[in-house]
Amino acid sequence: MTDSFTPPHHQTKWISQSVYEPLLSEKNLTTVFLEDMPLPPHLTRESLTLPSLSEPEIARHYTRLSQMTYGVDSGPYLLGSCTMKYNPKFTEDLATLPGCNIHPDRNPHTIQGTLEVLYTLQEHLSTIGGMDAVTLQPPAGASGELTGILIIRAFHESRGDSSRNEIIIPESAHGTNPASAAMGGYNIIEIPSNDEGRVNIDALQAALSEKTAALMLTNPNTLGLFESEIELIASMVHKQGGLLYYDGANLNALVGRSRPGDMGFDIMHYNVHKTFATPHGGGGPGAGPVGVVSKLKTFLPAPIVIKTEVGFDFFTPKNTIGKVHGFHGNWLCLVKALGYILRLGGTGLRDASATAVLNANYLGSKIKYEIPFRPFYHEFVASSGDQDAADVAKRLLDYGVHPPTTKWPLIVHQALLVEPTESENKTTLDKIASAFNAVAKEDSSVLKSAPLSTTAGKIDQTTAARSPIFSWHSIDPSS
Ligand SMILES: *Cc1c(COP(=O)(O)O)cnc(C)c1O
């Protein structure tokens with residue numbers, strides 16, 4: 001062991017200082033390996049019974065588990081706003097290439113290929129968003145939002161403009177928008193939608209003031225509607241000295257066709273797990289790169305990758321807000337996103353967004369539930385009327401269809417937010433429509449008892465969410 005050795009974080013982080021400090025001085029060391037550590041008694045166990053199993057037993061166990069769950073590889077997955085599109089398997093191959101396994105602390109001169117991948121993705125995302133620079137660090141869309149909010153704060157403060165303490169957010173926004181703005185220290189000013197489900201211009205005008213730091217918007221919005229007055233909205237916000245933040249979750253509707261930067265947005269996040277077909281990570285790992293226009297470039301998290309005369313290098317922007325994630329973001333997600341973008345190319349990406357919109361409109365035309373707001377793009381919100389949307393969702397499982405997002409956005413009574421994505425063909429869309437239409441005719445007693453054909457029946461969702469059991473328990477065979 002040498003003095004220059006720095007242990008990876010996970011080895012030391014959870015050992016309390018009171019345990020390792022005496023040990024360091026006793027052994028006259030700067031570094032302690034886990035095996036040197038006496039674990040605190042409350043972390044140790046007297047005995048542990050682990051299952052002893054053969055390979056076929058393990059293979060069958062995991063195969064059975066994989067069949068008890070449902071994902072985009074099992075069938076259509078309509079979860080609106082989440083964009084659960086198909087994740088092509090070739091991107092998984094890319095992520096297992098030997099070059100993808102390098103240590104993140106390596107000298108940039110020895111990892112030029114890695115830097116080129118990051119740089120190329122930064123460039124493509126900038127082009128797609130109409131932005132001037134991109135950071136790949138944030139590990140999710142929500143984390144991209146917080147990054148964006150911190151950049152907005154740093155921008156205003158750099159101009160001595162620190163009285164701006166409000167962020168305006170439409171009522172239809174995703175919950176992460178107000179949460180991120182509040183985490184960034186801002187007061188949230190919520191504005192209602194107009195009768196057509198779009199930004200209410202009068203309400204926006206009334207909310208804007210010298211306290212406005214930014215407006216956060218997604219376009220198409222959560223009802224799937226394009227904010228047709230976006231240029232007016234942008235000029236109103238800019239006139240007040242505010243910035244426009246674009247929540248990129250719905251970029252699947254526009255990619256290759258329309259760019260947030262051209263609409264007047266100053267800053268945006270990309271949900272690569274929505275638009276660029278990397279897997280949704282059940283809370284992570286994901287990636288939520290953030291793009292900015294040139295006046296915000298110097299505030300980006302560090303490092304970003306730049307191209308120099310001799311190759312690629314890391315670069316720390318002058319007024320950087322600091323780091324928002326370890327190293328360079330979730331590298332493997334970024335590799336997959338770049339693979340997807342390069343494989344599809346400009347034409348493929350344009351086809352994907354057109355097909356996403358076509359599929360949503362075809363499905364919308366077949367479904368008998370009322371769809372109050374139109375014309376929609378890549379997703380739509382139907383109302384289940386007298387039926388409880390959560391019951392409809394459970395009953396759809398019996399028809400082999402993953403339910404849509406339910407009861408959100410709140411503007412629509414008993415909302416079913418449906419996003420078929422471009423991945424589904426006409427036969428599948430017809431099957432989905434007939435499942436919806438069959439459920440629409442059923443009475444509430446059937447709906448209340450659903451699902452009837454799934455591995456687990458109706459579960460107590462509150463207990464499942466509040467008291468989950470994550471660890472393996474030995475089961476006493478005699479009980
Ligand atoms: C998914 C989503 C987010 C948050 O993105 P994550 O990557 O899940 O953190 C934000 N806004 C909208 C509209 C979304 O659909």
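Starting from 1, each residue takes its place in the sequence as its number. Both counts, for ligands and for their atoms, begin at 1 and track the order of listing. Predicted, not measured: the structure shown is a model, and the values here were computed from it.
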Asker: For ligand 1, list every N/O pair with the protein closer than 3.5 Å, one pair per line with the distance.
Answerer:
residue: ligand 1; atom: 5 (O); partner: Asn271; partner atom: ND2; Å: 2.9
residue: ligand 1; atom: 7 (O); partner: Gly141; partner atom: N; Å: 2.8
residue: ligand 1; atom: 7 (O); partner: Asn271; partner atom: ND2; Å: 3.1
residue: ligand 1; atom: 7 (O); partner: His273; partner atom: NE2; Å: 2.6
residue: ligand 1; atom: 9 (O); partner: Gly141; partner atom: N; Å: 3.3
residue: ligand 1; atom: 9 (O); partner: Ala142; partner atom: N; Å: 2.8
residue: ligand 1; atom: 11 (N); partner: Asp247; partner atom: OD1; Å: 3.2
residue: ligand 1; atom: 11 (N); partner: Asp247; partner atom: OD2; Å: 2.5
residue: ligand 1; atom: 15 (O); partner: Ser81; partner atom: O; Å: 3.0
residue: ligand 1; atom: 15 (O); partner: Ser81; partner atom: OG; Å: 2.5
residue: ligand 1; atom: 15 (O); partner: Lys274; partner atom: NZ; Å: 2.8

Asker: Side chains of Thr91 and Arg343: closer than 4.5 Å at any heavy-atom pair?
Answerer: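 Answer no - side chains too far apart.
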Asker: Angle class for the Tyr77/His402 ring planes (parallel below 30°, perpendicular above 60°, tilted otherwise)?
Answerer: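 Rings of Tyr77 and His402: parallel, as their planes differ by under 30°.
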Asker: To the closest 0.5 Å, what do you measure between CD1 (Ile152) and CD1 (Ile267)?
Answerer: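 Rounded to the nearest 0.5 Å, the CD1-CD1 separation comes out at 5.0 Å.
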Asker: The criterion is side-chain contact (heavy atoms from CB on, under 4.5 Å); which residues satisfy it with Asn200, sequence neighbours excluded?
Answerer: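 Expected list: Asn194, Asp202, Ala203.
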Asker: Could you tell me if the side chain of Val381 sits less than 4.5 Å from the side chain of Ile411, heavy atoms only?
Answerer: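 No, side chains not in contact.
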Asker: Looking at Asn252, Thr83, Asn359, which hits side-chain hydrogen bond (donor to acceptor under 3.5 Å, both in side chains) with Glu422?
Answerer: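 That would be Asn252.
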